[in-house]
**Student:** 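One structure follows; several queries about it will come next.
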Amino acid sequence: MASNVIAIDGPAASGKSSVAKKLASKLNIVFVSTGSLYRALAWKAIGNGLDTAKLSEDPSRLASFLSTTEIAYEKPQGESDYQVKIDDVFPMEKLHTMEVSAGASNVAKIPEVRKYLLDFQRAFAAKGNWIVMEGRDIGTEIFPDAKYKFFLTAAPEARAKRRLMQDGGTPSEEEIARVASQIAARDEQDRTRAVAPLRQAEDAFLLDNSELDLEETLSVLLFHIAPEDGGKVPTVLRYRVPYADTDNMGVVYYANYYRYFEMFRTEFMIDAGYPYAKMEEKGIALPVIESGCSYRSSAKFEDVIEVTGRIAECKGVRIRIECEIHCGGKLLATGFTVHACLDRKKGKLVRVPAILSSLMK
Ligand code: DC
């Protein structure tokens with residue numbers, strides 16, 4: 001059976017901890033930031049006067065450091081979020097100093113430390129509750145059998161911008177370029193390091209969120225989580241056929257099915273957290289360039305039809321949406337529309353917005 005874990009891995013500043021936290025709160029489950037575990041060990045080592053860069057050089061000292069360390073993940077009194085506790089202390093914000101960050105990066109390279117935390121992370125999940133765990137190796141090493149795996153990334157420039165904006169102000173192009181090149185160098189280091197290199201699990205869903213905000217990223221994650229686990233319920237448009245939709249034969253006029261497809265698309269995009277109107281505000285339109293429909297049966301006045309559908313293909317500037325229409329469990333029609341993605345201001349075709357291509361299953 002798959003582990004009761006939603007694994008979110010990815011490089012630094014990919015937005016994974018913000019989205020993991022939001023996801024956990026939305027699903028009302030525990031959020032574990034595994035980076036804070038490495039940080040807590042580094043914080044303790046520094047406090048004990050140990051040099052984290054040299055900790056691995058003395059195996060017996062390292063062993064005694066780990067065997068005398070009690071790590072836990074609990075809610076501090078009066079707090080709603082779980083936090084790392086080490087030797088009965090919640091270090092909280094003390095884990096986020098530059099010194100501790102550098103120390104965490106050092107201890108994260110030590111195989112014994114990784115093994116120690118691997119055991120802790122697995123024992124924590126074995127308690128049985130659903131958890132969202134965020135880190136670098138959750139989907140690959142800690143829980144290769146996690147029920148859901150996401151790998152979040154973003155272009156170095158997008159990550160640099162986010163990081164600089166966190167510090168307040170509007171960063172200049174030069175600043176963004178400088179930080180982006182540092183980020184790219186660190187990615188390279190993380191991907192090629194000997195111990196626990198950062199890599200995407202083969203079965204993880206890759207999401208490049210360079211163009212997505214936090215809410216949009218969350219929407220995509222929820223879309224890929226099954227409804228029974230708190231994820232998004234697939235869009236179903238239910239519609240009672242009005243008199244005006246029927247023809248002289250007393251059935252829905254064939255051309256109306258294209259309206260139903262459009263009504264479905266509207267609902268689908270609202271459900272996905274990216275309404276058509278919001279997309280248009282950004283200057284993007286999706287004119288239909290091709291469509292088709294096969295009719296199997298007909299619907300009459302007052303029938304309730306159900307329209308379902310999915311994004312079937314996203315290629316460059318084109319997106320294909322396929323729909324099915326049922327009535328009382330009977331298939332009435334299947335159809336599709338192909339849209340071109342148009343930048344209306346420039347009058348040019350552009351790549352399909354990332355959020356839409358991320359909603360393809
Ligand atoms: O995500 P963070 O910045 O809080 O992580 C702190 C350090 O720990 C960072 O150097 C990466 C490392 N880390 C890791 O190697 N494996 C994890 N699962 C989590 C963090």
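Note that ligands are numbered from 1 as they come in the structure, with each ligand's atoms numbered from 1 the same way. Index from 1, following the sequence.
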**Student:** I'd like to know if the side chain of S14 pairs up with that of R159 as donor and acceptor (distance under 3.5 Å, no hydrogens or angles considered).
**Tutor:** no

**Student:** Can you label the angle between the Y73 ring and the F124 ring as parallel, tilted or perpendicular, going by 30° and 60°?
**Tutor:** perpendicular

**Student:** Has ligand 1 got any nitrogen or oxygen that is less than 3.5 angstrom from a nitrogen or oxygen of S36?
**Tutor:** no

**Student:** Mark yes or no for whether T34, through its side chain, and E134, through its backbone, hold a donor-acceptor pair below 3.5 Å.
**Tutor:** yes

**Student:** If you measure every N/O of R136 against every N/O of ligand 1, is any gap under 3.5 Å?
**Tutor:** yes

**Student:** Under a 4.0 angstrom heavy-atom cut-off, which atoms of ligand 1 come close to A108?
**Tutor:** 12 (C), 15 (O)

**Student:** Which residue holds the protein heavy atom closest to atom 19 (C) of ligand 1, what is that atom called, and what is the gap in Å?
**Tutor:** T34 OG1, 3.4 Å

**Student:** Atom 8 (O) of ligand 1: which protein heavy atom is closest, and how many Å away?
**Tutor:** Y38 CB, 3.7 Å

**Student:** What I want to check is whether the side chains of K232 and S219 have a donor and an acceptor closer together than 3.5 Å.
**Tutor:** yes

**Student:** Please work out, at 4.0 Å between heavy atoms, whether the side chain, the backbone, both, or neither of E141 comes within that distance of ligand 1.
**Tutor:** neither

**Student:** Within the 3.5 Å criterion, strictly below it, is a donor on N248 or Y253 matched to an acceptor on the partner's side chain?
**Tutor:** no

**Student:** Is R39 close to ligand 1, meaning an N/O of one under 3.5 Å from an N/O of the other?
**Tutor:** yes

**Student:** Quickly, which of T308, D271, T266 forms a side-chain hydrogen bond (donor to acceptor under 3.5 Å, both in side chains) with T235? Name it, please.
**Tutor:** D271

**Student:** Regarding K44 and T69, is there a side-chain donor-to-acceptor distance under 3.5 Å anywhere?
**Tutor:** yes

**Student:** Considering only the protein, which heavy-atom contact is closest to atom 5 (O) of ligand 1, and what is its distance?
**Tutor:** G35 CA, 3.5 Å

**Student:** Does the N or O separation between D137 and ligand 1 drop below 3.5 Å for any pair?
**Tutor:** yes

**Student:** Y260 and D245: side-chain donor and acceptor closer than 3.5 Å?
**Tutor:** yes

**Student:** Could you tell me whether ligand 1 has any atom less than 4.0 Å away from a heavy atom of R193?
**Tutor:** yes

**Student:** Going by distance only, is there an N or O of R114 that falls short of 3.5 Å from an N or O of ligand 1?
**Tutor:** yes

**Student:** What I want to check is whether the side chains of T153 and D208 have a donor and an acceptor closer together than 3.5 Å.
**Tutor:** no

**Student:** Under 4.0 Å, heavy-atom basis, I'd like to know which part of S105 is in contact with ligand 1: side chain, backbone, both or neither.
**Tutor:** both

**Student:** Distance to 0.1 Å, residue and atom name: give those for the protein heavy atom nearest to atom 7 (C) of ligand 1.
**Tutor:** A104 CB, 3.8 Å

